[in-house]
Enquirer: 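Just passing along the structure, written as structure tokens.
The structure displayed is predicted, hence computed values, not measured ones. In what follows, every chain begins at residue 1, and chains take the letters A, B, ... in the order their sequences are listed.
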Number of protein chains: 2
Amino acid sequence: MILDSETKAVELPEDHGDELRLWLRLLTCTTLIEGEVRSRLRERFDVTLPRFDLMAQLDKVPDGMTLSDVSKRMMVSNGNVTGLVERLVESGHVDRRTSDTDRRVQVIRLTKLGRAEFRKMAEEHETWIAEIFTDLTPKDVRELMRLLAKTKGSAQKAAQKSTGKAP
Amino acid sequence: MILDSETKAVELPEDHGDELRLWLRLLTCTTLIEGEVRSRLRERFDVTLPRFDLMAQLDKVPDGMTLSDVSKRMMVSNGNVTGLVERLVESGHVDRRTSDTDRRVQVIRLTKLGRAEFRKMAEEHETWIAEIFTDLTPKDVRELMRLLAKTKGSAQKAAQKSTGKAP
DNA sequence: GAATAATTCTTTAAGCTTCAAGTAACTTGG
DNA sequence: CCAAGTTACTTGAAGCTTAAAGAATTATTC
């Protein structure tokens with residue numbers, strides 16, 4: 001029994017194959033690029049991608065940020081950040097101190113060494129990314145930016161809905 | 001000293017900011033969606049994303065595939081697959097046997113249980129993905145597919161170049 | 001046919017990641 | 001004030017992931 005599209009009396013198995021294929025392609029692209037960046041960071045600078053990502057967050061702020069901020073921006077768990085920071089403090093790239101106003105809070109920032117090394121890596125990193133996207137025209141880039149922004153919004157809405165949280 | 005764009009006598013720091021922002025947005029989208037899918041798989045079926053992904057690969061082929069095939073398709077290391085398969089064999093979702101023609105090769109496939117459970121999960125999974133991409137029009141989806149295909153090609157070229165491998 | 005090379009997979013060490021539970025510190029409502 | 005709730009972070013267990021090295025098997029080359 002199949003009614004017309006307005007009625008929808010029964011649950012028809014709708015076709016979502018296109019969206020699924022899109023998701024798989026998106027995932028493939030990211031995995032591919034991430035792997036390439038990871039291997040170059042390792043070969044060229046002997047640094048891991050998570051370390052680089054964390055340093056990139058810290059490079060954007062001169063006065064440091066809290067572990068929670070880092071966790072939100074990197075979209076990883078708190079416990080993850082704790083471990084990452086511990087290793088970066090150990091290697092002398094990151095400085096960590098307890099906040100003066102709230103003793104629960106840990107404020108971390110790049111050390112002089114950390115910032116200097118990050119800047120060197122970031123410069124090359126940017127050229128790698130440009131190389132990876134080299135076949136895309138400026139118009140392609142703009143269009144992708146637009147569509148991914150829309151995708152991000154859509155995904156965030158779906159995520160909120162499922163967890164029942166406010167934006 | 002800045003010469004005209006044809007001459008390029010010195011290395012000017014070119015601007016690749018747009019590509020970098022594009023990459024970060026791509027990564028954000030993927031991380032967001034992956035996290036959402038991971039958490040729903042966990043809550044709804046108590047299964048991890050890597051397990052689901054591996055089973056998805058196996059569901060596509062009736063007669064099983066080798067560990068190397070899985071490794072290439074999932075774009076993860078061999079050692080990774082070894083461990084994943086071990087746990088899936090342990091839980092009764094995957095069957096593993098040595099190839100008759102080549103004793104180095106392990107052929108794995110879904111068990112009856114594995115296939116049944118995967119099918120149930122995959123059905124819901126597909127609706128989640130549709131929900132996540134719900135704001136995109138069919139035209140958006142087509143356009144994203146096209147641009148991501150182009151991106152994939154470009155990234156693959158860059159990856160080959162850096163490793164010096166043939167396609 | 002034997003030495004050499006390539007492949008398939010496993011193992012190991014280190015690090016990454018999540019989730020859940022726990023601790024300490026701050027905030028709020030009475 | 002203070003009890004209850006919230007927030008910030010840490011810890012622990014399990015699993016994921018990679019890179020590198022090793023073992024077993026097959027393919028190649030002379």
Enquirer: Give a yes/no on whether any side-chain N or O of A:R103 is located under 4.0 angstrom from OP1 or OP2 of C:dA24.
Expert: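 Answer is no, no contact under 4.0 Å.
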Enquirer: Within the structure shown, what part of the strands sits under 4.0 Å from A:S71 by heavy-atom distance: base, sugar-phosphate, or nothing?
Expert: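 Nothing, no heavy atom under 4.0 Å.
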Enquirer: Determine, for A:R87 against A:E90, whether the closest basic-nitrogen to carboxylate-oxygen distance falls under 4.0 angstrom.
Expert: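 So A:R87 does not pair with A:E90 through a salt bridge.
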Enquirer: Give A:S68 one of three labels, base, sugar-phosphate or nothing, depending on what nucleic acid heavy atoms sit under 4.0 Å from its own.
Expert: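 Sugar-phosphate contact only.
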Enquirer: Has B:N78 got a side-chain N or O lying under 4.0 Å from the OP1 or OP2 atom of C:dC9?
Expert: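 For C:dC9, neither OP1 nor OP2 has a side-chain N or O of B:N78 closer than 4.0 Å.
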Enquirer: Donor-acceptor pair under 3.5 Å: do we get one between A:R104's side chain and the base of D:dT7?
Expert: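 Side chain to base: pair found, below 3.5 Å.
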Enquirer: What residues form a salt bridge (charged side-chain N to carboxylate O under 4.0 Å, His left out) with B:R119, not counting sequence neighbours?
Expert: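 Applying salt bridge (charged side-chain N to carboxylate O under 4.0 Å, His left out) to B:R119 gives B:D59.
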Enquirer: Could you tell me whether the phosphate oxygens of C:dT10, OP1 or OP2, come under 4.0 Å of any side-chain nitrogen or oxygen in B:T82?
Expert: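 Checking B:T82 against C:dT10: at least one side-chain N or O falls below 4.0 Å of OP1 or OP2.
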Enquirer: Using a strict 4.0 Å threshold on nitrogen-to-oxygen distance, state whether A:R51 and A:E117 make a salt bridge.
Expert: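 Between A:E117 and A:R51 there is no salt bridge, as every charged N stays at least 4.0 Å from the carboxylate O atoms.
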Enquirer: Are B:R87 and D:dG15 close enough that a side-chain N or O sits under 4.0 Å from OP1 or OP2?
Expert: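 Answer is no, no contact under 4.0 Å.
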Enquirer: Between A:R96 and D:dT10, is there a contact of a side-chain N or O with OP1 or OP2 at under 4.0 Å?
Expert: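 The answer is yes; a side-chain N or O of A:R96 sits under 4.0 Å from OP1 or OP2.
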Enquirer: Is there a donor in the side chain of B:D95 and an acceptor in the side chain of B:T111, or the other way round, less than 3.5 Å apart?
Expert: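 There is no such pair (donor and acceptor under 3.5 Å, judged by atom type) between the side chains of B:D95 and B:T111.
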Enquirer: Starting from P on C:dT11, measure out to CD on B:Q106 and report it in whole angstrom.
Expert: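 About 11 Å, once rounded to whole Å.
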Enquirer: Output the rounded distance in Å from CG (B:L84) to P (D:dT17).
Expert: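 So the CG-P distance, B:L84 to D:dT17, works out to 6 Å.
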